[in-house]
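Just below is one structure, and these are the notes that go with it.
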Amino acid sequence: LSTVLWANRFIDGVVTSNQSDKYAMHKHLSKIDEIAGGAGLMALSEICDTTDLRFNIEDLSLPEGMASTNEWMAAQGVWVDAEIAASQLAALIDAIETRKPRFGLIRNDYEAILAELRESLAFAREAAAHAAKFNFSIVM
């Protein structure tokens, strides 16, 4: 069972995920946060919601009337304006492309990180066009 990040948007009370596993971003989250901090950006982990992860690990039950963890995340989750997320992701991509850090000792996940960030940026920009909220959920 892998733990990954999914990009989500929250528009008009509905959470939608792109359901694309961002394994490399989750695996190297602390290094990405370090690069973000060095570039004066918010840490990516600040917009990572743990609702789904907690429900899976702790075997929690959803409150009555809720059908999915997305509903709970909509009500209680970590969110940021998608416009802010998009600008932060774009700046983070620039910082990574400038620094060209290595992600991993044996295998370098540099290209995978950039691909996942670019996909997330496109999703955040689409959400921003609808004045939505954005986050990454940690899912397993």
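Position 1 is the first residue of the sequence; numbering continues from there. All figures in this text were calculated on a predicted structure; none of them were measured in a lab.
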Give the minimum heavy-atom separation between M25 and E116, together with the two atoms involved.
N-OE1, 2.7 Å
Between L89 and L117, is the side chain to side chain contact (heavy atoms under 4.5 Å, CB included) condition met? List the steps.
CA-CA 7 Å; L89 288 168; L117 283 169; 3.9 Å; yes
Side chains of R9 and K133: does their closest heavy-atom pair fall under 4.5 Å?
no
If you group Ile, Leu, Val, Met, Phe, Trp and Tyr by side-chain heavy-atom gaps below 4.5 Å, do L41 and L5 land in one group?
yes
Any side-chain donor paired with an acceptor under 3.5 Å for T51 and D49?
yes
Strictly below 4.0 Å, N to O, side chains only: are E83 and R125 in salt-bridge contact?
no
What heavy-atom pair brings S68 and L62 nearest, and what distance separates the two atoms?
N-CD1, 3.4 Å
What do the steps show when you test W6 against N18 for side-chain hydrogen bond (donor to acceptor under 3.5 Å, both in side chains), and what is the final call?
CA-CA 7 Å; W6 280 2; N18 71 351; over 6 Å; no
Does V14 share a hydrophobic cluster with F10, counting links as ILVMFWY side-chain heavy atoms below 4.5 Å and allowing steps through other members?
no
State, without any angle test, whether S137 and D52 hold a side-chain donor-acceptor pair at a distance under 3.5 Å.
no
Might you point out which heavy atoms bring A85 and V80 nearest each other, and give the distance in Å?
CB-CG1, 3.8 Å
Salt bridge between E97 and R118, side-chain N to carboxylate O under 4.0 Å?
yes
Between K27 and F103, is NZ or CZ placed under 6.0 angstrom from the six-membered ring centre and within 45° of the ring axis?
no
Between NE2 on residue H28 and CD1 on residue I113, distance to nearest 0.5 Å:
5.0 Å
Same hydrophobic cluster for I138 and F134, using side-chain heavy-atom links shorter than 4.5 Å among ILVMFWY?
yes
Which atom of R107 lies closest to which atom of D109, heavy atoms considered:
NH2-OD1, 2.7 Å
Is it the case that one hydrophobic cluster holds both L121 and Y110, taking links as side-chain heavy atoms less than 4.5 Å apart, direct or via other members?
yes
Check step by step if side chain to side chain contact (heavy atoms under 4.5 Å, CB included) holds for M140 and I57.
CA-CA 9 Å; M140 61 180 296; I57 288 178; 3.7 Å; yes
